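Owing to the predicted nature of the structure, the values given are computational and were not obtained by experimental measurement. These values consider heavy atoms only, across backbone and side chains, with no hydrogens, waters or symmetry-generated copies.
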Amino acid sequence: MTDPRRHDGTTATAGAADVLMLAFGAEPYLHEAVAAVLASEGVDVRLTLVDNGCTTDAVATLPPDPRVRLVVPGSNLGFTGGMNAAAAGTSGRPLVLVNSDAVVAPDAVATLVAALADDPRLGVAGGLVRLASDPDRVNSTGNPLHVLGLCWAGGLDEPVAAHATGREVASASGALVAVDRALWDELGGFPEEYFAYLEDLELSWRAWQHGRTVRYVPAASAVHHFEFGRSPLKMYLLERNRLLFVLTTYEARTLALLAVPLLAFDVAMLAVATAQGWGRQKLRGWGWVLRHPGVVARRRRTVQRSRTVPDRDLAHLMTDTFDSAQFPLPAAAAPLQGVLRLWWRLVRRVL
């Protein structure tokens, strides 16, 4: 390692990691995911598994291993609360989050931990997440952030060979990601208000706001049994958390400059959501925000008071173009995208 010093001046243990994993529902791939983590090479791993409501015997039938610590909260804490509970029982080591339906390569955990140790500014390192249904194609190589708060799986279904070079990204995918322990503590972990979805975006973006970097590390890979699924709860949480993210992480000036396109987009997307059958979930997301102004205000104060990097210095990490494959918009919306891009160019000049 070229320099094992962390951002806070202490020494990182490059050969050790605390891996966090959460079990919920049927968990058909849990045994495979756990076994892959425990078979990691070049790193001393401890695995904390949170049983957030496994509905089968997948957790109970895991082979005993002294490196595995089981946490049973007794209720569903969501992904955010579950990961926070898992991290609370660890200390010192870098944290590596692995989805319970993701199978890491033998060197994946060691590679991510080494990336953190090699670069004191690096706060979040995300791996190459490949589709289990076709491992030569991408699930995520880091997730873009649209100026209107949308985030999607970067590079989805593209050839893995086209993403062989590491780079800085707006957000790392939570399916396989390492976080510097000092940064995790500094940020307070995941915001539990999110419950699930977009928490990896929030953590990554706040890392940027605290002067750290987020990087895609292609040498660390996992195959992921990815399935998007448009369940009512998922669409509600995605919409609610997008609003929560924008309202709490954007500076007041940024919000003011983007107010018109943000409102126009939400009205337009309500029509699309209604046509696709999830309009009620989108309205429910708006309703949550309107009913919880105190929660939003408190979270905003926490985020804005602790940040050290202004939005103008992070604007280059955002995109003003929708991924047409993942966010198919009506043909009539094409001219509006051109207007939005022009608006964003003007906004960047005055941020």
Side-chain angles (χ1 to χ4, degrees), residues 17-40 45-90 93 95-106 108-109 112 126-127 129-133 139-140 153 172-179 184 189-200 202-203 221-238 240-241 281:
D18 277 304
V19 179
L20 312 182
M21 188 178 293
L22 186 145
F24 177 78
E27 293 295 358
Y29 307 106
L30 181 65
H31 281 227
E32 189 178 4
V34 169
V37 167
L38 296 178
S40 294
V45 296
R46 297 182 302 205
L47 172 64
T48 299
L49 175 65
V50 179
D51 185 351
N52 227 19
C54 182
T55 56
T56 66
D57 64 354
V59 172
T61 56
L62 283 169
D65 191 297
R67 296 172 294 171
V68 178
R69 178 174 67 98
L70 180 63
V71 175
V72 184
S75 62
N76 183 6
L77 302 179
F79 186 80
T80 56
M83 289 294 99
N84 287 349
T90 65
R93 298 180 173 204
L95 300 175
V96 180
L97 281 61
V98 179
N99 273 14
S100 58
D101 57 356
V103 180
V104 298
V109 174
L112 290 176
V129 186
R130 299 177 289 138
L131 292 169
S133 58
N139 178 187
S140 174
S173 168
L176 174 61
V177 61
V179 185
W184 176 274
F190 284 135
E192 297 196 7
E193 299 90 341
Y194 279 53
F195 193 77
Y197 303 115
L198 299 188
E199 70 287 323
D200 47 4
E202 209 263 8
L203 185 81
S221 73
V223 293
H224 185 208
H225 295 273
F226 172 76
E227 183 178 357
F228 180 82
R230 282 184 178 263
S231 72
L233 181 62
K234 180 169 185 175
M235 297 310 297
Y236 156 65
L237 288 172
L238 283 170
R240 187 199 68 170
N241 291 351
Q281 308 311 319

**Q.** salt bridge (Lys or Arg N to Asp or Glu O under 4.0 Å) contacts in which one or both residues fall within residues 21-36, not counting sequence neighbours
**A.** none
Q: May I have all residue pairs that pass salt bridge (Lys or Arg N to Asp or Glu O under 4.0 Å) and include part of residues 47-56, sequence neighbours excluded?
A: none
If every non-hydrogen atom of [X] is compared with every non-hydrogen atom of [Y], which pair is closest and at what distance?
X: M21; Y: V98; answer: CG-O, 3.5 Å
X: L203; Y: G189; answer: CD1-O, 3.8 Å
X: A58; Y: A26; answer: CB-O, 4.0 Å
X: G82; Y: L77; answer: N-CB, 3.6 Å
X: V96; Y: V109; answer: CG2-CG1, 4.1 Å
X: S173; Y: V129; answer: OG-CG2, 4.2 Å

Q.
For a 4.5 angstrom cut-off between non-hydrogen side-chain atoms, does L70 reach V59?
A. yes
(Q) Does anything in residues 54-66 form a side-chain hydrogen bond (donor to acceptor under 3.5 Å, both in side chains)? List the pairs, not counting sequence neighbours. (A) H31-T61, D65-R67
Set of side-chain contact (heavy atoms from CB on, under 4.5 Å) partners for [X], sequence neighbours left out:
X: A153; answer: N139, S140, N143, L156, Q326
X: E192; answer: T80, N84
X: A86; answer: L20, T48, V50

Q: Take F190 and F195 through the side chain to side chain contact (heavy atoms under 4.5 Å, CB included) test and state the conclusion after the steps.
A: CA-CA 9 Å; F190 284 135; F195 193 77; over 6 Å; no
Partner set under side chain to side chain donor-acceptor pair (under 3.5 Å) for [X], not counting sequence neighbours:
X: S40; value: none
X: E199; value: none
X: N52; value: N76
X: T90; value: R181

Q | Qualifying residue, where the test is side-chain hydrogen bond (donor to acceptor under 3.5 Å, both in side chains) with D18 and the options are R69, R46, R93 | A | R46
Distance from [X] atom [atom1] to [Y] atom [atom2], nearest 0.5 Å?
X: L237; Y: Y197; atom1: CG; atom2: OH; result: 7.0 Å
X: L30; Y: L49; atom1: CG; atom2: CG; result: 5.5 Å
X: S100; Y: H224; atom1: OG; atom2: NE2; result: 7.5 Å

**Q.** ring-ring contact (aromatic ring centres under 6.0 Å, His included) involving F24 - partner list, sequence neighbours excluded
**A.** none
Q. Between the main-chain N or O of Y194 and the side-chain N or O of R240, is there a donor-acceptor pair closer than 3.5 Å?
A. yes
Q | Partner of L176 by side chain to side chain contact (heavy atoms under 4.5 Å, CB included), out of V103, L112, N99, L97 | A | L112
Q. Can you name the residues that form a salt bridge (charged side-chain N to carboxylate O under 4.0 Å, His left out) with D101, not counting sequence neighbours?
A. none
